[in-house]
Amino acid sequence: MSCKVFFSAIAVFWFVGMPTVGVSADTVVWTLESAIQRAKEIAPEMRAAEADVTTRQAELTQASSWPNPTIDLRADDRLGQEDGRGGTDMTQFALSQPLPLRRVARERAVAETRLAGAEEGRRLRRLELERAAAQAFHDLQRAQAKIDLARARLKETESYPGTGGGRDRLVRYLAPLERARLPILREEANQTVAAAEREREQALIAFRARLALPADAAAEVVPLAELPAPSTLEALERNLENHPLLIAARKEQEAAEANVAAAQSQRFADPALNLFRERDILGGDRRYVTGVGLSVQVPLWSTNPGVLDKAKAEALRARTEFELAHRELLTRLRRSHAELMRASAQAERVRANLLEPAQRLNDLTRRSFAAGETNVLTLIDAANSYFDAQARYVELVAQVQEAASELRLASGVSMLNSTMETAP
């Protein structure tokens, strides 16, 4: 089934078959794209993601830095005692510079990989936030559709003869059963409107909270509209390697493997280059002596094997987590695609086999009633069948919208940067 044909049917149903809630000049009408953009601009989740990237950037800066040198100064009275002059003099100046050699390069490689993973994590946060904003948007869309449908049903009920709002050209005799049923139908329609208004108010509260709107802000969402057809499952699976969740997991694996090499450099202290200048008595005179030395740790008692073993274990865990993430994401993608196809097919079937026949039956019954060929009960039954079909159709349309949002998240496709187009 073509999703494009299906959503075209939705558009016709919405704009022709149902009334819409009146929108004042001060009411902001939100589209899915504008709602998502607003949510990304104000969401604390994005600030947290930016903080993660900044943290990794700081770690990269730190990993690229050499350790600071150490300066030793020594003053004593040794020279004064040897030459009999007395007093205290500066006798030694020493500079020690650790040489990280391969360690800095290896730690920088780890930090660079983790920074790339944090950037992919930020992109994943955007997709998750987009999914949450779409959920609030579609909930308000569904609630808005329900209240329109409930008001249309109430208007239909009030037009029946004997309710004070009908314009029947014929003078009809209403049986006691018919006359007793009409007030019940009116009150049921009123209760349905009240329930729909309550549901819309709850959805509006959640929508305002998601977009950080004032509590009294008037907001409407656009009605259901046509969506482009999704890519085939095969195309989505081929592009799954570009999903930010998998890229972030792969970067974490690469960082863990690079950390094994860094751990080898961290097992022992860095060698240190020592430069010193001393003042001593040579041949009876005070003279300066300059020298250079190298300090190297001797792994005599401990070779620190735990650092390397820990790094290897973390690399194994990162590889396992990547495999698990790939498996879970692939399962989620297939489920989302199957749910979208199922909901679309079911909605198309309801439209073709239930909604359109019920609409034709309701139109025929109205004409028959106007001609005096049918009674009120037959008219009511036809109208109930039609409005029940509309209510079922609205629920299925909402399921399609939600499934499309879930598929975008599972496939790593952003609503703002790309669309799910049919693969060639």
Side-chain angles (χ1 to χ4, degrees), residues 1-21 31-32 134-135 137-157 159 188-189 192-193 195-196 199-200 203 220-233 335-368 378-408 415 419-422:
M1 183 210 62
S2 171
C3 288
K4 186 173 183 179
V5 173
F6 165 63
F7 281 104
S8 297
I10 294 177
V12 172
F13 155 71
W14 186 276
F15 290 109
V16 177
M18 293 179 57
T20 57
V21 179
T31 64
L32 179 57
Q135 181 67 51
F137 179 85
H138 294 318
D139 286 345
L140 186 55
Q141 268 191 328
R142 174 166 51 188
Q144 189 168 293
K146 284 185 176 181
I147 196 172
D148 287 343
L149 180 59
R151 289 173 178 173
R153 193 165 197 165
L154 176 61
K155 184 178 180 180
E156 178 82 8
T157 303
S159 68
E188 286 180 347
T192 302
V193 170
E199 182 176 346
R200 184 182 183 279
E220 297 287 342
V221 294
V222 296
L224 301 174
E226 181 178 324
L227 291 177
S231 301
T232 63
L233 181 59
R335 284 179 176 175
S336 301
H337 191 272
E339 175 62 18
L340 177 58
M341 295 299 100
R342 180 208 63 78
S344 299
Q346 187 175 359
E348 173 62 18
R349 183 173 180 178
V350 168
R351 182 192 65 78
N353 299 335
L354 183 59
L355 181 59
E356 292 179 355
Q359 184 176 9
R360 290 194 296 268
L361 176 62
N362 188 47
D363 293 340
L364 290 174
T365 304
R366 277 176 165 276
R367 288 196 292 268
S368 297
T378 303
L379 179 64
I380 292 173
D381 289 339
N384 286 341
S385 297
Y386 173 56
F387 283 107
D388 289 344
Q390 282 188 324
R392 178 58 179 159
Y393 193 62
V394 166
E395 287 297 329
L396 288 172
V397 169
Q399 291 180 20
V400 171
Q401 295 280 4
E402 293 171 0
S405 298
E406 184 65 26
L407 182 59
R408 286 195 297 271
M415 185 72 182
T419 56
M420 293 183 295
E421 300 178 353
T422 305

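These numbers come from a predicted model, not from an experiment.
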Stepwise side-chain contact (heavy atoms from CB on, under 4.5 Å) check, Q141 with V222: CA-CA 7 Å; Q141 268 191 328; V222 296; 4.2 Å; yes
Test log, rule side-chain contact (heavy atoms from CB on, under 4.5 Å), inputs L149 and F387: CA-CA 8 Å; L149 180 59; F387 283 107; 3.5 Å; yes
CA sep, side-chain torsions, deciding dist, call: D363, Q359, side chain to side chain donor-acceptor pair (under 3.5 Å): CA-CA 6 Å; D363 293 340; Q359 184 176 9; 4.7 Å; no
L379/R366 under side-chain contact (heavy atoms from CB on, under 4.5 Å): CA gap, chis, key distance, verdict: CA-CA 7 Å; L379 179 64; R366 277 176 165 276; 3.9 Å; yes
side-chain contact (heavy atoms from CB on, under 4.5 Å) evaluation trace for R200 with K146: CA-CA 8 Å; R200 184 182 183 279; K146 284 185 176 181; over 6 Å; no
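Shortest non-hydrogen contact noted between R142 and A398 is CD-CB, 3.5 Å. Across all their heavy atoms, L340 and V400 have their closest contact at CD1-O, 3.6 Å. A358 and S385 get closest at one heavy-atom pair: CB-O, 4.0 Å. Contact between Y393 and A347 at its shortest, heavy atoms only, is CE1-O, 3.3 Å.
R351 places a side-chain heavy atom less than 4.5 Å from the side chain of E356. Looking at T365 and T378, their side chains come closer than 4.5 Å, going by heavy atoms from C-beta outward.
Once rounded to the nearest 0.5 Å, the distance linking CE of M341 with OG1 of T232 reads 10.0 Å. Remark: F137 CZ to E402 CD distance equals 12.5 Å, nearest 0.5 Å. Between L140 atom CG and H138 atom NE2 the span is 11.0 Å, to the nearest 0.5 Å. With values rounded to the nearest 0.5 angstrom, R408 atom CZ is found 11.0 Å from S336 atom OG. With rounding to the nearest 0.5 Å, the separation of CG in N384 from CG in N362 is 9.5 Å. Going from atom CD of Q346 over to atom CG of L396 covers 4.5 Å, rounded to the nearest 0.5 Å.
Q399 and R342 are linked by a side-chain donor-acceptor pair at a separation below 3.5 angstrom, with hydrogens and angles left out of the test. Between the side chains of Q144 and D148, no donor-acceptor pair is found at a separation under 3.5 Å.
A search for side chain to side chain contact (heavy atoms under 4.5 Å, CB included) contacts involving L354 returns V350, A389, not counting sequence neighbours.
At a threshold of 4.0 Å, the pair R151-E156 does not count as salt-bridged, since none of the basic side-chain nitrogens sits closer than that to a carboxylate oxygen. Using a 4.0 Å cut-off between charged nitrogen and carboxylate oxygen, R392 and E395 do not count as a salt-bridge pair.
Environment of CZ in R335: sparse, with no more than 12 heavy atoms of neighbouring residues, nucleotides or ligands closer than 6.0 Å.
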